[in-house]
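The structure appears right after this line, and notes come after that.
What's counted below: heavy atoms across the whole structure, side chains too, no hydrogens, waters or symmetry copies. Please read all numbers here as calculations on a predicted model, not as lab measurements.
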Amino acid sequence: MMGTAKKRIHIAGGFLLLVVALVLLFFWNIYSGSVSVEPKDVLRLLFQGPDESTQARILWDIRFPRVLAAMLLGGALSISGFLLQTFFANPIAGPFVLGISSGAKLMTALVMIFLLGRGLVAGSVVLILASFIGAMLSMGFVILIANKVNNMSILVICGIMVSYICSAVTDLVVTFADDSNIVNLHNWSLGSFSGITWENISVMAVVIFFCMICAMLMAKPAGAYQLGEIYAASMGVNIKAFRLALILVSSILSACVTAFAGPVSFVGIAVPQLVKSLFKTTKPIIMIPACFLGAVFCSFCDRLARTLFSPVELSISTVTAVFGAPVVIYMMIQTRGRR
């Protein structure tokens, strides 16, 4: 009984820590930048709304959307990574490693280039649909390989090869594009939260909220699935329907991130592992909301990408790789040491 009470306190403390860190990072990101803003002005503009001042335009048109996008998309990518790790029963499975993000990037780039070449601008819904198609094609290829081989290392290597191929084709298409606006897609292809608008925020919020509800509804069967397909089937879980739903939700989340921010590396792998270490559990009912709050990681990395070498801005994937790759390496060493 005491053990259960301590565990609940530990979990509540973990959620409280993530919420406090997310709030602090929100205001830290809002304050920081090439144009300094006083804390009292931030609070005034936050509660009173925008006005005609330069500070108001900077905060409401640039910083607020960017900070919210980093939180929403960072949380979405973390949940997508956790769902994929549950699906493949592999701690290093993730949208970036398995080539899903690269497939989404390729399809999105092709659609954007096609439309921009004809003087059209791709809307948020079009970008998400294009990313989703690319993500599903890559996911389908990975699943096809998974059915052919039993070695997860080979699966991961194949996913990395798919990622390289898709990235190479994307870079090739962007490089030889004629229109100057299309060439500027190179920055997007590296990953960035810059240029996010309130329209983008509203669309991604709806998509992520819907996927979050679906993920929470799958939490109980996912817990049974973690113990094996036979056990899950004995508990009444429809394995085929569950696997399909899991693939769809994880692909939509990954597609949403890629559509608005480009490919973001290592977040989908590192954050679920960090959250597991913090909460000392792998229960989906806890991991799913905790992974979403794990957007702390992405928000912190975006802050560094934006201000570390100001006025030069780093791609978000550069920073997330610096902090996420060591987590993955440590995790693989630990896993190898337990064998």
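Through side-chain heavy atoms spaced under 4.5 Å, either directly or across other Ile, Leu, Val, Met, Phe, Trp or Tyr residues, F210 is tied to no other residue.
The minimum heavy-atom distance between M212 and I79, with the atom names listed, is SD-CD1, 3.2 Å. Here the closest non-hydrogen pair linking V296 and A21 is CG2-CB, 4.0 Å. Between N29 and R306, the closest heavy-atom pair is O-NH2, 2.7 Å. For A76 against V257, the heavy-atom pair with the smallest separation is CB-CG2, 4.1 Å. When all heavy atoms are compared, the tightest approach of P91 to Q85 is O-NE2, 3.3 Å. Listed here is the closest heavy atom pair of C291 and S78: O-CB, 3.3 Å.
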Q: List the steps, then state whether side chain to side chain contact (heavy atoms under 4.5 Å, CB included) holds for S138 with L98.
A: CA-CA 8 Å; S138 297; L98 294 177; over 6 Å; no
Trace of the side chain to side chain contact (heavy atoms under 4.5 Å, CB included) decision for F64 with I201: CA-CA 10 Å; F64 280 156; I201 292 293; over 6 Å; no
Are C298 and F193 close enough, and set up right, to give a side chain to side chain contact (heavy atoms under 4.5 Å, CB included), and what steps lead you there? CA-CA 10 Å; C298 215; F193 294 116; 3.7 Å; yes
Test I285 against K220 for side chain to side chain contact (heavy atoms under 4.5 Å, CB included), laying out the working first. CA-CA 7 Å; I285 194 66; K220 187 173 180 180; over 6 Å; no
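Linking ILVMFWY side-chain heavy atoms closer than 4.5 Å, directly or via other members, places L248 and L84 in a single hydrophobic cluster. Linking ILVMFWY side-chain heavy atoms closer than 4.5 Å, directly or via other members, places W198 and M204 in a single hydrophobic cluster. Grouping the Ile, Leu, Val, Met, Phe, Trp and Tyr side chains by contacts below 4.5 angstrom, directly or via other members, places V271 with V23. If you chain together hydrophobic residues whose side chains sit under 4.5 Å apart, M136 and F141 fall into the same group. In this structure, L127 is not a member of the same hydrophobic cluster as L137, with clusters built from ILVMFWY side-chain heavy atoms closer than 4.5 Å.
For R303 and T307, the side-chain atoms include at least one donor-acceptor pair closer than 3.5 Å. A donor atom on one side chain and an acceptor atom on the other are not found under 3.5 Å apart for D302 and S299. Of the N and O atoms on the side chains of S317 and S315, not one donor lies less than 3.5 Å from an acceptor on the other residue.
Under the 6.0 Å cut-off for aromatic ring centres, F323 and F266 do not qualify, their centroids lying 6.0 Å or more apart. Here the two rings, on F279 and F15, have centers that are under 6.0 Å apart.
Remark: the backbone N or O of S265 is paired with a side-chain donor or acceptor of T320 at under 3.5 angstrom. In this structure a side-chain-to-backbone donor-acceptor pair under 3.5 Å is present from H10 to L278. For W60 (side chain) and P65 (main-chain N/O), no donor-acceptor pair under 3.5 Å exists by modelled atom type. Using a distance-only test at 3.5 Å, with no hydrogens or angles considered, a donor-acceptor pair links the side chain of S80 to the main chain of S250. Using modelled atom types, no side-chain atom of T318 and backbone atom of L314 make a donor-acceptor pair closer than 3.5 Å. For D61 (side chain) and I58 (main-chain N/O), no donor-acceptor pair under 3.5 Å exists by modelled atom type.
Using a 4.5 Å cut-off on side-chain heavy atoms (C-beta onward), E229 and R243 make contact. At least one side-chain heavy atom of I11 sits under 4.5 Å from a side-chain heavy atom of I286. Counting heavy atoms from C-beta on, the side chains of L73 and V264 never come closer than 4.5 Å. Between V237 and Y231, the closest side-chain pair of non-hydrogen atoms is not below 4.5 Å.
Atom CG of L83 sits about 10.0 Å away from atom OG of S251, to the nearest 0.5 Å. Distance CE/M218 to OG1/T86: 9.0 Å, rounded to 0.5 Å.
Ring planes of Y225 and F242: tilted class, angle from 30 to 60°.
Screening L22, L18, L17, L16 for a side chain to side chain contact (heavy atoms under 4.5 Å, CB included) involving V20 leaves a single residue, L16.
In this structure, E199 places its CD atom where only 12 or fewer heavy-atom neighbours from other residues, nucleotides or ligands lie under 6.0 Å away.
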